[in-house]
Each structure stands twice: as structure tokens, then as C-alpha cells.
Amino acid sequence: MDETRLEAERRAKVARWRSSGREPYPWAFEGRVASSVVRSACAGLRPGETGEGATYRVAGRLRTVREHGRTAFAVVEDLDGPLQLLLRADGLGEEAYRGWLADLDPGDILGAEGPAVVSRSGEPSLEVRTLTLLAKAIAPPPEKFHGLQDVEERIRGRYLELLASPGARQRFRVRTALIGEIRRAFDEAGFTEVETPILGPVASGAAAAPFVTHSNYLNEELRLRIALELPLKRLLVGGLEKVYELGKSFRNEDLDSTHSPEFTELEAYWAYADYHDLRAFTEGLFARLADRAAELLPDSPAARKGIDAFRPPFPTVDFGEELARRTGQPGILSKSREELRDLARQAGSTVPERSSTGTFLDKLFEHYVEPTFDRVTFVVDHPEATTPLAKRHRSKPGRVERFEVFFPGFELGNAYTELNDPDEQERRFREQLGERGGDGYAFDADFVRAMRYGLPPCTGIGLGVDRIVMALTGTPSIKDVILFPLVRSR
RNA sequence: GGGCCCGUAGCUCAGGCCGGUAGAGCAGGCGGCUCUUAACCGCAAGGUCAGGGGUUCGAAUCCCCUCGGGCCCGCCA
């Protein structure tokens, strides 16, 4: 990489620092406290007053320096936030004061030690007695006021966005906190968290193109998983009763504002329960996540909107009734494939001519019903034709026991009372193969074999974790809730 | 896959329609300033205008191609 003029100047400062016997990249900074500790220590002080006795060691990234001749203010920022450092030539000595200021730049990692002080204008600060360079930044940071705006740079150099933007740091910490909350909810309900393989010979459990790779050892083609469903159901065959997995799945598809080729999902399977039980659990989970997000993001109007949408009661929409109502076509579920195709065409859909009735129904629902959701909404009891892995409805003919959860603009989750008849499963796998050729549900023969040993009646759900985080943090693009989203190499 | 838009200094952005020596702020350099908080004041410096080709006396600007990105549609859960 070419060295820029700015980098050359910063390297010269490193050399000066070394030549004066100081290490620009020391090993540690012991006894360091968070900036918030100093701010608390300032709470009892009057403007202009210096705290008695205790000194504090803080460390963080230097953001700005404001020099006023023989006094200077610097701002260092750690994970708890910014803290002002007060430097005075009186007290520090002219030589030390000038020496520090000459060779420090925004972006450097610093340690500082001194007592708490409140500036005359009331800013909680640390009065610097000693300053330690902990890591010299050779590359200059993004502009201090606007931060990093370029979308491409924000994603490719996520660390730059993070170091320049406390909001970005907060967004990703909230992500982790919400994932923790999801784990606790399942753990407390007695689910066992498991890990199932990412690599395997068959990518099954959803209709999506897999990433294909190769094992040198086995000399076999392998695929990255596209869903977690089938291995988890095998564990119910094995008697684990309540299991969940939270991890990444991979789909070899386009990246857009709600789809990422590498994404985080949660799937849970619950023996001896049905989709009513799971819906009640999901509602409780969502309410819990809304509370947690409200606690973590009290001042974000964007998050507020999503958080309110996550609070019960949640509207329920019957797939068939709502589609009939919104299209003005009573009995739409019993229409022929050709009639549905024509309706889909009228709605502007260009799905292929040969698509199944299920595909046309999905398109119509997407066009007429989904845009009407203004909060978290449960869609229930889909037509059998749209859903290959669910059990048929116990009282509604032609339907399955299924619910989908929507947030305005995208789907959050999908749940069924699971199919557990192995012969029925095999038949539905074969039908799916027929429709989409190589790109449909892969036929997982071993899964059918497992089911022949007896899968208990059960219910299961898949949740899009990235999307839940988008909703609850008010983030419009999935790329901004994934630390390092997939990008073209350059 | 189709359409529209964007790429100018380390960063944030003007300039582009209507072609004529490339501009500002921040950051950096030098000087000044003892309470600022987007500190301030002065001076000097900083450019492969994404890359390539074309039109033209002359291209950041107009045209074509390529690369990277964004948005919408399609496809995909």
C-alpha cells in the first residue's frame, strides 16, 4: 500500500517517540478503569474543582485535541463513551506538555492518569498527570464530525465505522444482547442448545441454492447448510425432546436489504407440543425482546417504532380468509392453477408459467396482504400447496398447521406443527423435486429413514435473527446488523 | 437478469445540465492563544476527478466500455 503523506508524518512521530526512549506500542496498561468511573467521580465536584486524593487510569482512542496555548483539552473515547482530558503546561512542565501534544494525533490509543476534575465550563474531565501512548495510529481516522459516510467503506472496513461511530458500536452490542436474551428464553423453557453440521452432502430443509465445496479427505462434494431443520428433527427422533440451534445458514442467493447469503437463524423443535403452544411461546419471546431493546435503546426513535410493533397483542390473519378478502375473490384457495396464474399475472407477478398453485398463492399473498401489516402479525393456516414440511390442519381441509410472523416489510419467522408421517414426508419431498428441479428441496433420504423410527408429534420454528435485530434497532438494511457482510473482493 | 443513481484530497462534500489552469470544511504541517467541547485566528501544503477508450484546439464535465457500490424491479425465504 502506498504511504500517504499523512501516514509518513505519523511514522515520523513514532520515530521521535522512540528516540526519546518511549515505547509507542507498549504491552499493557494496568489498573485501567472505564471512563464512566471518572465521570462518576466528577459528580460531586463543582466547576473548576479538582478531586482530592484518588487518581484514575483511563485508556481509549484519542478523538480530538483542542489546544489553547498553555492549556489543552483532548477527548479520549472508550466503550463507555467520551471523556475529556485536561492538560496544563503549569504542573506538567513545559517540556512534557509540548512533547506530548507535538506527537499525538486523533486516532491514537492513549492511556492517561490523574485526578478527576470538572472544567470551569462544567465538563467532567481527567486532569492529566501522565500520558502514555498505547498504540500509535499510522492511518488517520475518519472525519470527526461526519464520521464515515461512504456505504461501501462502512461495510468493507466495518472497524472504521465502529471506531468512528458510537451508534454503530451500540447497534452491534444490542445485537449480541438480544441474541443473549433469545438464548435465555429458550434455556429457561428447558430447550437444549445444540450444534449441528454446517457441512454435509445434502443441503436440505428449505428451497434455496447451496454453496458447494469439496472435502479433500472424503474426496466428496459437500454443501453448506441452508437451514437447520432436518438435523434438529433427527434429534427429536433421538429423544432430545426440546432442542434449538442458533447459528449461521448459507444461501447462494442475492444480497439485498433483507437477504444476506450468510445469515443467522434460530430453529427450535419441541416434542409433544403443537403450533399453538409454539405461538404462545413466540409471543412471550417477542414481548421479552421488546422490553430488552427498550432498555438498551431508550433514545432511538427508529428503534422505538420496531419495539412498539413487537408488543402484544399481535393481530392474527388467516391466510385464506385474508387473501380472499384482499383480492375480492371468495374461495380463492379452491381456484385452479390456471385461474391463480392469471390472478398473479394481473398483480404484476412474472413467476414462471409452470409454477405450482402454491407459488401463485404465495405471490398473491405477498402482493395483496403483506403490505397491509403495520405491526408484528401472525399469519396462520396456509394452504397445503405452499408448505411441504407441515402437518395437515386438524380441522381446515386443504390447509396445514402453520404460522408465519411478519414485521412490516419482511418475514421474521415460520413455524409448523411438523409432519411426522415418514411415508407422507417421502411423497412431499418427491413432489417438491418435481417442481423446481435441482434447485428445490433436496431429497434427504436419511431424514426419511430417521423418521421411520418414529418422530414424536412436535412443533418447530425458524426465526431470522438478523431481521429481528433490524426490527428492534430500527436498522433498514441487513448489512448493518451483520458485522462483516459478504462483499465482492477487490 | 432489467432499470435508475453514485465514485472528486486521508475523511465529509461543492464543481458536472451550459467543456476553458480543480474548490471548501475537517484532519495533517508551521505560527499564535491558560477553560474549550464541530474551540478559535493567521500562513503554507495536499488531487491517477474509480480505470480505460473516444469526441474536441481543450474533458472532472459530453459519449462508449470496464470495475466497485447503492436503490428499485425480477428471482430467491
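The sequence lines fix the lettering, A, B, ..., with proteins before strands; numbering per chain opens at 1.
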Option from A/H382, A/R402, A/E404, A/E267 for which side-chain hydrogen bond (donor to acceptor under 3.5 Å, both in side chains) with A/N414 holds =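 Testing A/N414 for a side-chain hydrogen bond (donor to acceptor under 3.5 Å, both in side chains) against A/H382, A/R402, A/E404, A/E267 leaves exactly one candidate, A/R402.
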inquiry  = With side-chain hydrogen bond (donor to acceptor under 3.5 Å, both in side chains) as the test, pick out the partner of A/S20 among A/R16, A/R22, A/R18.
reply    =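 Single side-chain hydrogen bond (donor to acceptor under 3.5 Å, both in side chains) partner of A/S20 among A/R16, A/R22, A/R18: A/R22.
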Ion pair [X]/[Y], N-O distance below 4.0 Å:
X	Y	value
A/R428	A/E426	no
A/R234	A/D444	yes
A/K391	A/E401	no

Using the [atom1] atom as the point on both nucleotides, what is the distance between [M] and [N], in whole Å?
N	M	atom1	result
B/C17	B/A59	C1'	15 Å
B/G58	B/C13	P	34 Å
B/G25	B/C41	P	10 Å
B/U8	B/G31	C1'	31 Å
B/U55	B/C62	C1'	8 Å

Heavy atoms only, 4.0 Å cut-off, all strands: where does [X] land among base, sugar-phosphate and nothing?
X	value
A/Q149	sugar-phosphate
A/G147	sugar-phosphate
A/E265	nothing

Does [N] have OP1 or OP2 sitting under 4.0 Å from an N or O in the side chain of [X]?
X	N	answer
A/K363	B/G74	no
A/K479	B/G69	no
A/R156	B/G69	yes

ask   = A/E153 CD to B/A50 P: how many Å, rounded?
value =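 In whole Å, B/A50 P and A/E153 CD are 15 Å from each other.
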query = A/R63 has an atom CZ; how far is it from atom C1' of B/U37, in whole Å?
reply = 13 Å
task = Decide yes or no, distance alone: a donor-acceptor N/O pair under 3.5 angstrom between the base of B/U34 and the side-chain of A/D90.
result = yes
message = Let's test this: given Watson-Crick or G-U wobble pairing with both distances under 3.5 Å, identify the partner of B/C67.
response = B/G7
inquiry  = Let me spell it out: for each of A/T71 and A/E67, pick the nucleotide of RNA chain B with the closest heavy atom. Which residue's pick is nearer the 5' end?
reply    =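 Residue closer to the 5' terminus by nearest nucleotide: A/T71.
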